[in-house]
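When a ligand or atom number is given, it counts from 1 through the structure's own listing order. Start at 1 with the first residue, then count along the sequence.
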Amino acid sequence: MRYLATAALILLTACGGTTESPVVAERPRNIVVIYADDLGYGDTSAYGATAVTTPNIDRIAADGLRFTNGYASAATCTPSRYSLLTGRYPFRQEGVRVLPGNAPLIIRPGTTTLATMLHDAGYQTGVVGKWHLGLGDGDVDWNGDIAPGPLEIGFDYSFLIPATGDRVPTVYVENHRVVGLDPNDPIEVSFGDKVGDDPTGRDNAELLKMHPSHGHDFTIVNGISRIGYMSGGQAARWVDEDMADAITDKAVDFIERNREQPFFLYFSFHDIHVPRVPHPRFVGATEMGPRGDAIAQLDWATGEVLNALDRLGLADDTLVLFASDNGPVVDDGYEDQAVEKLGDHDPAGGLRGGKYSAFEAGTRTPFIVRWPARVKPGVSDAIVSQTDLLASFAALAEQTLSEQAGPDSFNVLPALLGESNEGREQLVEVSATVALRDGNWKYIEPKEGRAINPNVNIETGLNEEPQLYDLAADPGERENVAGANASRVEQMRSLLETIRTDGHSRGGL
Ligand code: NG6
Ligand code: CA
């Protein structure tokens, strides 16, 4: 732990030298990234929701800096997580898209990641929860050592939901091993031909406690049919109702075990992704059914982390970042009454689109930074991206990044700390197409496709014509002003092209 003695001195002098003046931490003792899944810009009371209250997330916001222009790099999970860890836009590498449950690790060992960088800076690094970046280097054997994975890209500890709650294998992986696996009941997984003879949602709907609305009709585990086939590993299979408790316990354990030294925890929720099966104690927490109750559960888990930090006396000097991997979706493939019980709740908080969409709700998410020792509470309109964490936290931890590292990661530390209202000037938003935000202008690259994804009932933002929106005048992206601004459209089209072909967007590379 190091403190900026000069800053403290200046502060002491400026405050008249009273002994009560706080010492200004140069870098946080600990860093905790709390990452929600599919939580929309408007899904927490911190961002205006009234149909659900999120006292713990609101506590982070009340004591921290709440961003109104904080972004994930993409409108789906894998690409956003890839960018968060590598500081690279998803299109820099082939195959960075929503992955099947048996996909190989897509971040190659040797890549600079948030975890390698913070590990080098002296933090004990851990990831707990949803991974969805692939494991192994091809044909992963779930019965042996599962590698490479997080431990090969900078994490000292991992406890994972390997892909998603709705994809097999439905088991936890701790470091290199499936937890609780009986070697006499080996796991087999397939995203092609059927393996084993477990019942499936397609053939045995009578066994289901939650029915799919689209897809999700393969192997049934815990009364819920998933994406992909799985056999074996009965003793290791998770119980969805206990998942939030299981991962929260591991996250709190990690904090407790590392209380004596600096740590970086990446705590990645399953909630509020489908299947939404909160623990019975959260059932009925809201009037919105499982989707709302999953938000209540996620808020509870957030509170458990905050309480652990309080209990250990670490809260003041721990930087907590709360964000989500992409925007909201109501029906994402199971009949869980999310549509029927939505009522007046607007998961997108007034933005257009949602998960999968090129419109703002696809990538603009809750984004809150709390670090009591240094960050003053407030609200910031600066444009910041999760892609920026690598460069920004490197600056914070005084680590020098190599030339190749984080080619799209900008050091927006002053904005993250509330010391400046300037974040990024430009930002790329990845979905089924690509969009560029430049200041308050938003350009969406033309692409053929359906205007609405009928399964999830979300506007995709796809259009064969270029789209340009003035987010200052038209935050809901209602009026396409491309026609009246041909030169701006051309300039943004060409800038986007350059960002892609150059292989980097950060200057000086
Ligand atoms: C889709 C799934 C959806 C969800 C998504 C990934 C179907 C019909 N839909 O293919 O339920 O799993 O992938 O979500 O299978 S994400 O948040 O991990 O990107
Ligand atoms: Ca997601």
Can you check which of [options] brings a heavy atom nearest to [atom]?
{"atom": "atom 8 (C) of ligand 1", "options": "R226, H214, R167", "answer": "H214"}
{"atom": "atom 15 (O) of ligand 1", "options": "T76, L99, I227, D166", "answer": "I227"}
{"atom": "atom 6 (C) of ligand 1", "options": "D37, V98, V456", "answer": "V98"}

Provide, to 0.1 Å, the distance between [atom] and the closest protein heavy atom, together with that atom's residue and name.
{"atom": "atom 9 (N) of ligand 1", "result": "H216 CE1, 3.8 Å"}
{"atom": "atom 16 (S) of ligand 1", "result": "C77 CB, 3.1 Å"}
{"atom": "atom 11 (O) of ligand 1", "result": "D332 O, 2.8 Å"}
{"atom": "atom 17 (O) of ligand 1", "result": "K355 NZ, 2.9 Å"}

Can the positive tip of R478 be found less than 6.0 Å from the middle of the six-membered ring of Y469, inside 45° of the ring normal? no
Could you tell me whether R281 sits above the aromatic face of W300, with NZ or CZ closer than 6.0 angstrom to the six-membered ring centre and within 45 degrees of the axis? yes
Below the 3.5 angstrom mark, is there an N/O of T78, backbone or side chain, next to an N/O of ligand 1? no
Hey, which atoms in ligand 1 end up nearer than 4.0 Å to a heavy atom of [X]?
{"X": "V274", "value": "11 (O)"}
{"X": "N326", "value": "17 (O)"}
{"X": "T164", "value": "18 (O)"}
{"X": "H132", "value": "18 (O)"}

So that I can tick it off, tell me whether R177 and D145 are bridged by a salt bridge, with the cut-off set at under 4.0 angstrom between side-chain N and carboxylate O. yes
Are the side chain of [X] and the backbone N or O of [Y] linked by a donor-acceptor pair below 3.5 Å?
{"X": "D240", "Y": "V277", "result": "no"}
{"X": "T248", "Y": "A244", "result": "yes"}
{"X": "N56", "Y": "D299", "result": "yes"}

Do you see a donor-acceptor pair shorter than 3.5 Å between the side chains of [X] and [Y]?
{"X": "N326", "Y": "S80", "result": "no"}
{"X": "D381", "Y": "N69", "result": "no"}
{"X": "Y71", "Y": "R437", "result": "yes"}

Specify side chain, backbone, both or neither for K130, according to which of its non-hydrogen atoms lie closer than 4.0 Å to ligand 1. side chain
Check whether the ring centres of Y334 and H216 lie less than 6.0 Å apart, and answer yes or no. yes
Contact between R167 and V98 at the side-chain level, heavy atoms closer than 4.5 Å - yes or no? yes
Contact check, side chains of V434 and K447, non-hydrogen atoms, under 4.5 Å: no
What are the protein N/O/S atoms, named by residue and atom, that sit under 3.0 Å from the Ca ion (ligand 2)? D37 OD1, D38 OD1, D325 OD1, D325 OD2, N326 OD1
Which of Y41, F322, F367 passes ring pair (Phe, Tyr, Trp, His ring centres under 6.0 Å) with Y47? Answer is Y41
Can you tell me if G333 contacts ligand 1 (heavy atom of the residue under 4.0 Å from the ligand)? no
Check whether any heavy atom of Y356 sits under 4.0 Å from an atom of ligand 1. yes
